[in-house]
Amino acid sequence: MELLQVMNIGKHFRKKQEMFYAVKSVNLSIVPGEIYAFLGPNGAGKTTTIKMIAGLVRPDEGEILIDGLNISNHKKQLSQIGAVLEGSRNLYWRMTPLENLCYFAGLKGMKKKDAMAYGKELLTLFDLGDKMNVTVQRLSRGMQQKVAVCAAMIHRPKLLLLDEPTLGLDFEASEKIKELIKRIADTGVSILLTTHQLDIAQELADRVGIIRQGSLVLEGDTDEILQKYSRNEYSFKLANPLPLTIEEQLIDKGAVFVDSLSFTMDFSQKAEIYEVIHLLAPNPLVNISLAEGSLTEVFKEMISVQ
């Protein structure tokens with residue numbers, strides 16, 4: 001059963017006496033333990049959608065269900081949500097990580113004893129055990145982001161909203177946050193991820209939804225989307241440089257040489273590959289690989305369609 005169901009939600013605003021839709025008939029769902037990347041350009045409606053899911057903005061149309069119950073009529077369902085929002089101060093910097101977790105747990109109605117015990121467990125699990133009593137302002141940016149995720153997890157939510165979780169982090173910190181996200185999903189927590197770093201979305205997400213001008217224009221399994229939008233471009237790797245005559249024949253057929261030992265070609269029909277292989281013989285061929293689809297390319301194509 002889906003943990004989150006977003007059903008035909010819409011939100012409109014008034015601007016200079018005219019109504020315009022920020023979100024139009026958006027449908028999406030997430031099952032337990034799934035990572036769903038919700039992508040779109042600035043102004044596409046991502047933030048408004050996230051705020052509606054979080055209960056911060058009421059939809060004008062449609063329903064949002066958590067565990068099968070409409071959050072408009074069952075406000076307690078919102079306690080199933082944890083959130084780390086980019087651009088927001090998610091932590092109190094003069095407090096320690098453990099103090100932050102206990103504070104946010106108290107806002108969710110947890111007893112201090114329970115919050116203290118689970119807070120220590122979370123911080124230890126996410127490699128912050130030796131930092132739990134150091135003020136947040138003294139931690140690195142990556143550590144601060146991990147503490148923010150722990151604070152969002154302290155009340156044991158079933159759904160975690162992550163907005164740009166790796167923004168501004170260096171490579172090492174980003175890798176640790178990505179690993180943290182995977183570990184959280186492995187525990188059965190559903191994750192709704194928004195990011196402009198499409199390579200991270202491609203690596204983490206089980207499914208992807210792309211929103212443009214308030215409408216969801218593409219949704220599906222990440223692997224299936226990449227396969228559908230992949231090009232028929234193949235890369236050839238050679239053991240030795242080719243004779244000039246063979247190289248010229250390949251160029252006439254559309255080959256683009258990267259260097260003396262590798263080239264790429266587009267094929268309208270896969271049978272054409274065998275013609276190239278025959279042309280290469282008897283020169284040793286190291287490998288042939290199909291160029292993988294890129295979520296960045298898919299994203300660019302979807303937001304450029306009018």
Side-chain angles (χ1 to χ4, degrees), residues 1-7 9 23 25-42 44-47 49-50 53 64-66 81-86 145 149 152 157-167 169 171 173-235 266 289-305:
M1 178 180 176
E2 294 91 347
L3 173 68
L4 172 68
Q5 293 173 278
V6 176
M7 306 166 65
I9 62 168
V23 177
S25 301
V26 166
N27 292 273
L28 62 87
S29 61
I30 308 178
V31 299
E34 183 177 47
I35 301 176
Y36 186 106
F38 189 50
L39 311 174
N42 291 332
K46 294 193 309 297
T47 300
T49 301
I50 295 297
I53 293 172
I64 299 171
L65 311 182
I66 295 180
I81 299 175
V84 179
L85 303 179
E86 191 276 324
Q145 191 72 337
V149 174
K158 294 182 178 180
L159 173 64
L160 186 60
L161 308 179
L162 295 179
D163 185 18
E164 299 287 357
T166 59
L167 185 66
L169 302 184
F171 176 79
S174 293
E175 290 298 305
K176 289 181 178 179
I177 292 296
K178 287 191 294 184
E179 181 59 33
L180 174 57
I181 293 171
K182 292 176 184 177
R183 288 163 66 182
I184 292 171
D186 287 342
T187 67
V189 175
S190 302
I191 296 176
L192 181 59
L193 168 70
T194 62
T195 180
H196 286 98
Q197 297 173 287
L198 300 179
D199 57 326
I200 290 176
Q202 181 171 333
E203 179 180 348
L204 294 178
D206 300 298
R207 287 195 302 132
V208 171
I210 297 178
I211 188 171
R212 186 191 74 231
Q213 296 178 353
S215 298
L216 205 61
V217 293
L218 180 68
E219 186 190 44
D221 292 342
T222 306
D223 290 341
E224 292 179 2
I225 288 175
L226 293 176
Q227 184 176 4
K228 179 179 179 181
Y229 286 87
S230 64
R231 299 166 295 161
N232 290 320
E233 181 181 280
Y234 286 77
S235 296
D266 287 321
S289 59
L290 176 64
E292 295 184 354
S294 164
L295 193 55
T296 299
E297 294 173 356
V298 176
F299 182 81
K300 288 179 179 178
E301 180 173 339
M302 296 310 302
I303 66 172
S304 64
V305 176

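No experiment lies behind these values; they were computed from the predicted model shown.
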Over all atoms of both residues, closest heavy-atom pair of Ala205 and Val208: CB-CG2, 4.2 Å
So that I can tick it off, tell me whether Lys182 and Glu203 are bridged by a salt bridge, with the cut-off set at under 4.0 angstrom between side-chain N and carboxylate O. yes
Leu216 vs Phe38 side-chain heavy atoms within contact, under 4.5 Å: yes
Any idea which heavy atoms bring Val6 and Val26 closest together, and the distance? CG1-O, 3.6 Å
Within the structure provided, determine whether Phe299 and Pro41 are in side-chain contact (heavy-atom separation under 4.5 Å). yes
Would a 4.5 Å heavy-atom cut-off, applied to side chains only, mark Leu160 and Leu193 as touching? no
Taking side chain as C-beta onward, heavy atoms only, is Leu226 less than 4.5 Å from Leu295? yes
First locate atom CG of Leu28, then atom CG of Leu192, and finally report the distance between them rounded to the nearest 0.5 Å. 7.0 Å
Side-chain touch Ile303/Val217, heavy atoms, less than 4.5 angstrom: no
Within 6.0 angstrom of Lys228 NZ, more than 12 heavy atoms from elsewhere: no
Determine whether more than 12 heavy atoms belonging to other residues, nucleotides or ligands lie under 6.0 Å from atom CD of Glu297. yes
When you measure from the side chain of Thr195 to the backbone of Ala201, do you find a donor-acceptor pair of N or O atoms at a distance under 3.5 Å? no
Could you pull out the closest heavy-atom pair between Gly33 and Asp206, with the gap in Å? O-OD2, 4.1 Å
Main-chain N/O of Glu301 paired with Ser304 side-chain donor or acceptor, under 3.5 Å: yes
When rounded to the nearest 0.5 angstrom, what distance separates CD1 in Ile30 from CD in Glu2? 10.5 Å
Roughly how far, to the nearest 0.5 Å, is CG of Leu169 from OG of Ser174? 4.5 Å
Close side-chain approach of His196 and Asn42, heavy atoms under 4.5 Å: yes
From Ser25 atom OG to Met7 atom CE, the distance as rounded to the nearest 0.5 Å: 12.5 Å
May I ask you to check whether over 12 heavy atoms, not counting those of Lys176, lie within 6.0 Å of atom NZ? no
Side chain Gln202, main chain Ser294, donor-acceptor under 3.5 Å: no
Rounded to the nearest 0.5 Å, how far does CD1 of Ile9 lie from CD1 of Ile53? 6.0 Å
Nearest 0.5 Å, what's the CG-CD distance between Leu162 and Gln145? 8.0 Å
Tell me, do Ile50 and Asp163 make a side-chain contact under 4.5 Å, heavy atoms counted? no
Closest non-hydrogen contact found for Pro165 with Ile181 is CG-CD1, 4.0 Å
Heavy atoms only: give me the nearest Leu3-Lys158 pair and the separation to one decimal. CD2-O, 3.0 Å
Of all the heavy-atom pairs spanning Ala152 and Val84, show the shortest one and how long it is. CB-CG2, 3.7 Å
Do Ser29 and Arg207 pass the side chain to side chain contact (heavy atoms under 4.5 Å, CB included) test, and can you show the C-alpha distance, the side-chain angles, and the key distance before you say yes or no? CA-CA 10 Å; Ser29 61; Arg207 287 195 302 132; 3.8 Å; yes
